[in-house]
Number of protein chains: 2
Amino acid sequence: MSDGKRFLKQATQTDVAQAAGVSTATVSRVLNGSLLVRDEVRARVEAAISALGYIPHESARSLATRRSRALGAVIPTLNNAIFASGVNALEQAARERGYSLVISISNYDLDLEAVLVRQMIERGVDGLMLVGNDHTAAARALLATTRLRHICAWAWAEDAASPNIGFDNAAAMAEVVDHLVADGYRRIAMLAGPTAGNDRARDRVQGAVKRLAGHGLSLVNLIETPYSIREARAAAIPLLAARPDAVICGNDVIAFGVHFAAREAGLAIPDDIAITGFDDLTLTAELSPAITTVTVPAAEMGRLCAQHLIDAIETDTDPVSLRLDTRLVIRQTTRAASGAIGLP
Amino acid sequence: MSDGKRFLKQATQTDVAQAAGVSTATVSRVLNGSLLVRDEVRARVEAAISALGYIPHESARSLATRRSRALGAVIPTLNNAIFASGVNALEQAARERGYSLVISISNYDLDLEAVLVRQMIERGVDGLMLVGNDHTAAARALLATTRLRHICAWAWAEDAASPNIGFDNAAAMAEVVDHLVADGYRRIAMLAGPTAGNDRARDRVQGAVKRLAGHGLSLVNLIETPYSIREARAAAIPLLAARPDAVICGNDVIAFGVHFAAREAGLAIPDDIAITGFDDLTLTAELSPAITTVTVPAAEMGRLCAQHLIDAIETDTDPVSLRLDTRLVIRQTTRAASGAIGLP
DNA sequence: CAAAAGAATGTAAGCGCATACAATGTCTGA
DNA sequence: TCAGACATTGTATGCGCTTACATTCTTTTG
C-alpha cells in the first residue's frame with residue numbers, strides 16, 4: 001500500500017478505555033464477560049467499542065493469557081475425502097467452542113510431519129490432532145517435552161504412545177476377510193496403500209494377513225500402490241495376473257481403481273472377482289456394482305477430537321483414548337454372504 | 001495435568017541469552033538471520049538454543065512485529081473435493097514461504113462468513129482467501145476498514161469489489177452450451193446448485209441461459225439442488241419429467257446424481273440424454289460413460305492465492321486479480337461434436 | 001599513532017492485553 | 001450515624017519478543 005494508509009492504526013483497548021472514560025481493565029472485563037461491571041458502564045464500553053470499530057488483538061491476548069484458543073491439525077493430505085471430511089468436522093466442532101483451526105499437510109512424510117508439529121508448537125496451539133501412530137522420535141520428543149495436548153486419530157492401539165481417537169484398522173480388515181471367506185472366496189489378493197511410515201495401512205495388511213492365516217489361507221498376491229485411482233488401476237493389472245477371486249483394497253480410492261480395471265478386463269463383479277474397499281466414501285454406494293466397504297467414522301473422529309482436546313485444555317487434564325467402531329457394509333462387489341454371521 | 005508439570009516453563013529468549021552469555025537482542029538477531037553477528041557468537045547462541053530446547057513464541061513475535069506470518073482461508077466446505085484440493089494447494093504454497101494457514105468453514109452461509117472474517121482479523125492473519133464475490137456488507141466493511149489483504153477465489157468478474165483469482169463461471173458454462181447445441185441437443189435442462197448467496201452458481205445459470213438465448217433457445221427446465229449426489233439424484237427425477245435431451249449440471253457432484261438417476265431410469269447416455277458436469281473431479285473421467293465436464297484449476301487457484309497474497313504482504317502492495325482459464329473436456333456423456341469448433 | 005569510521009553487541013522501550021492488588025464507592029446493620 | 005462488608009473500578013506489571021538507539025570494540029586511515 002503506497003498510500004500509507006495500510007498502517008492506519010487499529011483502535012486498541014486503550015482507545016476504547018479513553019472513549020468510554022474507564023480504565024483498560026474495565027474494557028478487558030467487558031470483553032471477557034466479567035460479572036463485576038455495572039450495566040451502565042458496560043453499555044458505555046460497548047458503545048465505545050462499536051463506535052471505534054475496535055477488534056481485539058488475539059496475539060496480545062495469547063501472550064498475556066498463555067492460551068491461543070486455537071487447535072492444530074497435521075494431516076497427510078486433503079485430497080482424500082476421508083481426511084477432508086474429518087478436518088471439516090474438526091473445524092466445525094472447534095469453532096462451536098470458540099477455537100480456531102490451523103492446519104498443515106505432511107504428504108505422508110513423517111520427517112516433514114515433525115517439522116510441522118514444531119511449527120504448531122511455535123504457533124502456540126492449545127491442542128493438536130495428528131493422524132495415526134507412526135511418528136518420528138523427533139516429533140514424539142517435541143510433544144513430550146512441551147507437553148502439548150494431542151490426540152492421534154484414525155487409529156486405535158492398545159499400547160499407543162499417545163491418546164487415540166480412532167478405530168482398530170486390523171480388526172476392521174479382519175472382518176472383511178471373514179466376510180470374503182464366508183462367501184466362499186479363497187484366492188484373495190490385496191492391493192494395499194503404501195505401508196512405509198503408515199501404521200494404518202500396515203495394520204490393514206496385517207489384519208488381513210493374520211485373519212486369513214486363521215482361516216488357513218494366505219494372500220495370493222500383495223501389492224502396494226499410492227492412493228490414486230489412476231495408479232491403483234495400473235497396479236491392478238499385475239495383481240490380477242495371480243488370478244485372485246477377490247481383491248481387498250487398502251481404501252476406497254484403490255477400490256475404485258480395481259473396479260475400473262476389472263471392468264476393463266471384462267471380469268464380472270462379484271462373480272469373477274470380488275472387490276472390497278475401506279472408508280465408505282459416498283460414491284462407493286452409488287457406483288454399479290456398489291462397493292462393499294468399511295464405514296469409517298471420519299466426521300465423528302474430527303468432532304470428538306475437537307471436543308476432547310478442548311475439554312482437556314479447559315479442565316487441565318489429559319485427553320483420553322476412544323475406540324470407535326467401524327462397520328462392514330456389504331454391497332454388490334461381494335456375493336451376499338451365505339453364512340457370514342456366526343463364522344469364527 | 002494434575003502433576004503440576006503442565007506449566008513447566010518453556011525456555012525463553014532470556015534463558016538462551018543467559019546461557020550463551022549475550023543479550024536477548026543478539027539471540028533475536030541470530031534467530032532472524034541478521035548478518036551482524038560474529039560467527040563465534042552465533043555458534044554459542046545456537047548451542048544454547050538446542051541445549052535448552054528453546055522454541056520461539058510466535059504470538060510474542062507477532063505482537064512485536066505486527067505480522068503473524070499466517071494466512072487465512074474461509075471456504076464453504078471441505079466436503080467437496082474441489083475446495084479440499086484448493087485448500088491443500090494453498091497450504092502447501094503458504095508453507096513453502098513460511099506461512100501457516102488457518103481455515104474456517106462457512107457452510108455457504110454468508111452471515112457466518114462475515115463472523116469468520118472477523119475472527120480471522122482478530123487472529124491477525126496477514127492475508128485472507130475467500131471464495132466467490134458474494135459477501136455481506138458487514139464482511140466487506142470489515143475488510144475495507146482493516147485493509148486486510150484478501151483475494152476472492154473461484155470467481156472472476158470485471159467489476160469485482162475485491163481482487164479475484166479465478167475464472168469466469170458464466171463464460172465456462174456458455175462454452176458448455178455451445179458444445180451441446182453444436183452437438184444437436186435442443187431440449188436442454190439444468191440442475192443447478194443453490195444460487196442464493198452463491199455468485200458462482202448464479203453465474204453458471206446465467207451463463208447457460210444467456211448463451212442459450214443467443215442460440216434462440218431456453219432451458220426446458222431449471223431446478224436447484226444442494227451439492228450432494230443423493231439429493232441431486234432425487235432432484236433429477238422431476239427434472240427429467242420435462243423430457244430434456246441434455247442436462248447441464250451445476251457441478252460434478254450433481255452430475256454424478258443425474259448420471260445415476262438416468263441409468264436407473266433406463267435412459268441411454270448420451271443418446272437419450274446428455275449430461276455435463278463442472279469441476280472435472282477425478283472420477284468424472286473414470287465413470288462409464290465418462291462425464292463431459294469443465295476443468296477448473298483448483299490447485300492452481302490455491303497456489304496462486306498463497307503466492308500473490310504473500311507477495312503483496314511482503315512488498316507492501318495490493319494483490320491483483322488474475323483470470324484463469326477453464327477448459328471444456330468432452331467425454332462420453334455428450335455426443336462428439338460434429339461442428340462445435342467454429343460455431344458462434 | 002591518534003582519530004574517525006565501521007562492526008558487533010547491549011540497553012531499554014514498547015507491542016496490546018489480562019490480572020493481582022489497591023483504591024474507591026455503596027450498602028448493610030446496629 | 002458509622003464501621004464493616006461487599007461491589008465496582010483503577011493502577012501497574014509482565015507475557016516474550018523486536019528494534020531504535022546507545023555503547024563498546026575493531027579496524028582503517030591520514
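Lettering of chains follows the sequences in order, A, B, ..., and the numbering in each one begins at 1.
Every residue was checked against the side-chain hydrogen bond (donor to acceptor under 3.5 Å, both in side chains) condition with B:Ser59, not counting sequence neighbours, and none meets it. By the side-chain hydrogen bond (donor to acceptor under 3.5 Å, both in side chains) test, B:Gln307 is found to be paired with no residue, residues two or more places apart in sequence or in another chain being considered. Considering only residues two or more places apart in sequence or on other chains, B:Tyr99 meets the ring-ring contact (aromatic ring centres under 6.0 Å, His included) condition with none of them.
A salt bridge between B:Asp316 and B:Arg149 is present, with a side-chain N of the basic residue lying under 4.0 Å from a carboxylate O of the acidic one.
Remark: aromatic rings of A:Phe167 and A:Trp154 are distant, center separation not under 6.0 Å.
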Problem - Residue pair B:Leu130, B:Ile151: steps toward the side-chain contact (heavy atoms from CB on, under 4.5 Å) verdict - result: CA-CA 6 Å; B:Leu130 297 168; B:Ile151 292 176; over 6 Å; no
Exercise for the section: Using the salt bridge (charged side-chain N to carboxylate O under 4.0 Å, His left out) rule, take A:Arg66 and A:Asp126 through it: C-alpha gap first, then chi angles, then the decisive distance, then the call. Expected result: CA-CA 9 Å; A:Arg66 259 144 315 165; A:Asp126 293 334; over 6 Å; no
Exercise for the section: I would like to know whether B:Val131 and B:Arg200 meet side-chain contact (heavy atoms from CB on, under 4.5 Å); could you show each step before the answer? Expected result: CA-CA 9 Å; B:Val131 172; B:Arg200 289 91 60 211; 3.7 Å; yes
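B:Val27 comes within 4.0 angstrom of nothing in the nucleic acid, heavy atoms only. Across all strands shown, A:Thr12 has heavy atoms under 4.0 Å from sugar-phosphate atoms exclusively, and none from any base.
For the helix from C:dC1-D:dG30 to C:dA30-D:dT1, the end axes, each set by the C1' atoms of five terminal pairs, are bent relative to each other by 40° (nearest 10°).
Each of A:Arg29 and B:Thr26 lies near DNA chain C, and the nucleotide nearest B:Thr26 is the one positioned closer to the 5' end.
Screening residues 153-162 of chain A for salt bridge (Lys or Arg N to Asp or Glu O under 4.0 Å), with sequence neighbours left out, gives no hits. Sorted by first and then second residue, the salt bridge (Lys or Arg N to Asp or Glu O under 4.0 Å) pairs involving residues 127-141 of chain A (not counting sequence neighbours) are A:Asp134-A:Arg202. Pairs of residues two or more places apart, or lying in two chains, that qualify as side-chain hydrogen bond (donor to acceptor under 3.5 Å, both in side chains) and include a residue from residues 109-120 of chain A are A:Glu113-A:His135, A:Arg118-A:Glu122.
At distances below 3.5 Å, not a single donor-acceptor pair connects side-chain atoms of B:Thr26 with backbone N or O atoms of B:Val22.
Side-chain contact of A:Thr12 with A:His57: a donor-acceptor pair under 3.5 Å is absent, judged by distance alone. A:Arg303 and A:Asn88 share no side-chain donor-acceptor pair at under 3.5 Å.
Within a heavy-atom distance below 4.0 Å of DNA chain C, the residues of residues 39-48 of chain B found are B:Val41. Across residues 50-65 of chain A, A:Leu63, A:Ala64 each have a non-hydrogen atom less than 4.0 Å from an atom of DNA chain D (numbered order).
Heavy-atom contacts of chain A under 4.0 Å fall on DNA chain D between two terminal nucleotides, which in 5' to 3' order are D:dT8 to D:dG16. When DNA chain C is scanned 5' to 3' for any atom under 4.0 Å from a heavy atom of chain A, the first and last hits are C:dG16 to C:dA20.
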Review item, side-chain donor-acceptor pairs of residues 40-51 of chain A, under 3.5 Å, at least two apart:
| from | atom 1 | to | atom 2 | distance (Å) |
| --- | --- | --- | --- | --- |
| A:Glu40 | OE2 | A:Arg44 | NH1 | 2.9 |
| A:Arg42 | NH2 | A:Ser34 | O | 3.0 |
| A:Arg44 | NE | A:Ala20 | O | 3.0 |
| A:Arg44 | NH2 | A:Ala20 | O | 3.3 |
| A:Ser50 | OG | A:Ala47 | O | 3.3 |

